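Because the structure is a prediction, the values reported are computed rather than measured. Below, chain A is the first sequence line, B the second, and so on; all start at residue 1.
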Amino acid sequence: MGHLRGKLLPPALAIVFSMLLCGVALVISGANPLSAFGAMVTQVGKGSTLVDIVNSTGIYYIAALAVAIGFQMNLFNIGVEGQYRVAAVIAAVVGGSIALPPGIHTLVIIVVAALAGAAWAAIPAILKVTRGVNEVISTIMMNGLAIGLSAYLIRRDVFGELRGNNIRTAEIPESGWMPGISFGGGGTMFGFIFVAIALGVGYWVMMNKTRFGFELRASGESSTAASAGGVNAKKMVLVSMLLSGAIAGLISLPELLGRDHTFSLNFTAGIGFSGIAIALLGRNHPGGIAFGALLWAFLDKSGLALDNVGVPREIVTIMQGSIVLSVVVAYEVVRRFELAAEQRRVGRELGTVGGAA
Amino acid sequence: MSSSTSARTDDPPAVVLTGITKRFPGVVANSDVHLTVRRGEVHALCGENGAGKSTLMKILYGMQPPDEGTIEVNGEQVRFRTPSDAIKAGIGMVHQHFMLADNLTVQENVVLGAEALHGIGQKARKRIIELSGKTGLNVDPGVLVEQLGVADRQRVEILKVLYRGAKVIILDEPTAVLVPQEVNELFDTVRGMQEQGYTFLFISHKLDEVRAIADSVTVIRRGTTVGSADPKTVSSRQLAEMMVGSELPSPETRESTVTDKVVLDVRGLKLMTPDGSRPILDDVDLVVRSGEVVGIAGVEGNGQTELVETVMGMRKAGSGTITLLDADLTKLGTLARREAGIGYVPEDRHRHGLLLTQPLWYNRILGYQTRKPTSKGIWLDTDGAKKDTERIVADFDVRTPGIDVPAAALSGGNQQKLVVGRELSGDPKLLIASHPTRGVDVGAQALIWDEIKRARAAGLAVLLISADLDELIGLSDTIKVMLRGRLVADADPNTVTPEDLGSAMTGAGATSASVQETGTAHGTAVVEEGAN
Ligand SMILES: Nc1ncnc2c1ncn2[C@@H]1O[C@H](COP(=O)(O)OP(=O)(O)OP(=O)(O)O)[C@@H](O)[C@H]1O
Ligand SMILES: [Mg+2]
């Protein structure tokens, strides 16, 4: 039906368009775009790439959900980046310094990470509610502070220790790990992927089936109508920011619980920013976001193959950027097209006279 | 076709619309509309809610492209892509809702976006003063718009259109917000400008006004022109029948159902301006009983909006108490007040009543997100919401292709019916209704009045704010006049006339025995202030 087409066509158009754009860029730089794209696709079947893509999808998915919750009520939580960094270092420190039975230990780390992310988001939330400080500005500043805080916390005179030439927090004992699914040479899928899926389902249920989701969407659409309808705008800002921060706090857990077991200088940064792009691409819809996360992960991981065919891997970044830009345009183009088609259809069905119901 | 009467003139007509068709998803808003407007006439457009009047005017003003049909201005065929194309062709539109920036001066508002014409300095000022005369606006261009009353704001809107060189002026429901005296002044302005060769397109649901001002009337029904009428000979009843095929309603409600059970009790309510310089609500005492309709009469901007929003908990009172059936609401938020049994029809349905991009059934939930039938505990009950929306659509005659269309797709009047239907749901104890029939056609007006009367007979208390004095007098059991944040007089709806009420509202003091000033101190103050 046209309804679905209106949702699927724009991202498809955007991808085709950005492939063309990158193709042109490749041709100009003297490479063969077909062999480049071919290398990316065949890379999926090699080694652990497929599992890497799945793992990375899960991580991006959580990040984009965190951003999307804010977007639903027009809050731009740019601070997901800082929230997950702070949550990661605190969860690693706490996880590495306590001894608990398996399962409970893991659960405690997850809760601590969520709380730490929420706490970091609470500062801009409170500033916005009490002083009207724009959350874009305050969360960006919080991102800067997060880098400083995490660097401080892993100093050797604080919680850090030196291993080889890397500084890291104490290793989380095995009781605090989350087991994954091993595919032998194909790599190991993080167990946290299932948590990510559950988060997506939970997000959908919350947005569509609960009173809280209604209030969130109502505030996002019209704060004046929401307040006349009894929605407390300040409360909504606070709660959605905290929720967004709590989910952001979970972003680093797949790696922390499933692979690294410590926070070190090798920490994967930048996922919060990718989350913004993916939430935009997926239009805040849990399904759309999943698709966007998968695409992002694919480009990231398969892009590694480009080096082998002598193409700079940065072409992937160009592609990601151009997808986001063109998807915005594509949604608008398709929307207009659908509207015109709908009007023609109504015209045919109702004839030209009468029938205005 | 509505090629009006015969009047053979050599001039081509000011505007000719031929075969205009405009479709929206599920709806044909205009289908094969023909309209001829002679130069220098006031041409009224009548039709029930959703008939397609606003759509037609938006097409003429270049805001929406027609799917089919042509537009001719002064005998030349034109094609407008944007309103600025229409303005260049001499067509201007005054929307029902004012689009002025309160914190700018009259001159700044007028010049905004048209700086290229006469600059922004002395030349612009001179031109504005020149044009002011035509619109009857007697204020200095340097005055801030926020200091103007509604009628003057409307003149500024007209001035804006004139400044841009319009010769054909569209007025979409301009009188909805005006009290009778102001309507008369507006009509004087229109007649004066008409003599100077301006042409008007005038939309209103108030048929008496249409007959008073128009030279010709075109009636639109279900998107197409069904005929024209001569306003000098046609009666309001005949017009209404042409539009909707139903009789003219009357708000009369004489058999009193007032009980002595106090539902709303407001005491000593005070509210200051944000900067604390002067009171917006000054010591307001108000009681509404079960089965009673208390009407508040007042020119817009005298504190009615703030009174309602304070009772709803959307503004925080400086002092005073609000009690609903023995429950103290003073410290509660809007949601708790709604749950305690208050229904609220806001004066601005777009700002405060609807989520415009969401489907109708989703809008049903707004304000009821914690109650049956739209929610169960923390869960929404979407089936319940949809079923109840179907009920409202049927009972309140909301014209829509379905309950899944976004609220923005309904015509203004149909949006209003949806909001009123929602706020009367769930047996409220008190209904706060600000202009409950603003923008609805005569048929729907009767329907809304009937619903309010029915609920009132069942014990509903109603606080009614309305600029439509016939409605106010007809529905109310008690009328209070509000002026500068105070309730200054009581009027007896059985005897008071709209004219008496109108002069009491403008602060001219009581001119009739039906209007009793409350408290001599206040009364004298009012007379003095009214004198200057
Ligand atoms: N943007 C839109 N999208 C979909 N349908 C629309 C849109 N605008 C108007 N319509 C539909 O077109 C029809 C005509 O609407 P219009 O606003 O012109 O009515 P109107 O005569 O001005 O009514 P009212 O007196 O209630 O203001 C209505 O059925 C309305 O639902
Ligand atoms: Mg209209």
Side-chain angles (χ1 to χ4, degrees), chain A residues 1-3 6 72-74 132 202 204-236 239 243 283-284 331 335-357, chain B residues 19 21-32 50-52 55 67-68 221-224 309 312-314 333-339 344 346 348-358 362-363 365-370 374-382 385 399-402 411:
Chain A
M1 221 204 100
H3 194 60
Q72 288 282 2
M73 62 171 293
N74 298 333
W204 184 87
V205 170
M206 181 188 84
M207 288 316 299
N208 292 292
K209 297 289 169 193
T210 69
R211 185 187 138 193
F212 177 76
F214 174 85
E215 295 184 330
L216 205 62
R217 280 166 64 176
S219 319
E221 157 120 25
S222 162
S223 58
T224 47
S227 86
V231 180
N232 183 333
K234 289 189 171 174
K235 192 186 103 190
M236 293 315 291
V239 174
L243 201 58
R283 295 223 127 182
N284 302 335
Y331 271 120
R335 195 185 64 79
R336 291 199 183 170
F337 177 78
E338 293 272 310
L339 199 69
E342 172 79 11
Q343 282 171 8
R344 276 195 301 277
R345 190 179 64 75
V346 174
R348 259 202 317 280
E349 276 174 18
L350 303 177
T352 28
V353 264
Chain B
T21 296
K22 176 78 187 175
R23 305 181 193 94
F24 291 111
V27 159
V28 182
N30 288 151
S31 90
D32 197 26
T55 305
D67 295 342
E68 288 159 29
R221 189 163 165 186
R222 304 202 160 213
T224 191
E309 291 183 2
M312 281 311 295
M314 294 155 66
T334 305
L335 185 65
R337 295 183 192 205
R338 279 177 160 277
E339 286 170 345
Y344 171 43
D348 185 337
R349 53 186 169 247
H350 282 189
R351 256 171 79 78
H352 289 120
L354 293 167
L355 303 171
L356 287 170
T357 69
Q358 300 292 344
Y362 203 76
N363 275 283
I365 305 172
L366 190 65
Y368 296 80
Q369 58 270 34
T370 52
T374 51
S375 85
K376 290 188 185 128
I378 65 159
W379 302 101
L380 293 183
D381 181 351
T382 45
R399 307 283 173 86
T400 168
S411 80

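Heavy-atom distances place both the backbone and the side chain of B:R351 under 4.5 Å from chain A. Both the backbone and the side chain of B:I365 come within contact range of chain A, judged by heavy atoms closer than 4.5 Å. Using a 4.5 Å cut-off between heavy atoms, B:E309 makes no contact with chain A at all. Interface remark: B:T357 contributes backbone and side-chain atoms alike to the contact with chain A (heavy atom separation under 4.5 Å).
Using modelled atom types, no side-chain atom of B:T374 and backbone atom of B:A385 make a donor-acceptor pair closer than 3.5 Å. B:T334 places a side-chain N or O within donor-acceptor distance of the main-chain N or O of B:M312, the cut-off being under 3.5 Å.
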Exercise. Show your working on side chain to side chain contact (heavy atoms under 4.5 Å, CB included) between A:M236 and A:Q72 and close with a plain yes or no.
Key: CA-CA 11 Å; A:M236 293 315 291; A:Q72 288 282 2; over 6 Å; no
Practice problem: Determine, stepwise, if the pair A:K209 / B:T382 fulfils side chain to side chain contact (heavy atoms under 4.5 Å, CB included). | Solution: CA-CA 8 Å; A:K209 297 289 169 193; B:T382 45; 4.1 Å; yes
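When only modelled atom types and interatomic distance are considered, B:Y344 and B:R337 share no side-chain donor-acceptor pair under 3.5 Å.
When B:M314, B:K376, B:R338 are compared by the number of non-hydrogen pairs under 4.5 Å with chain A, B:R338 comes out ahead.
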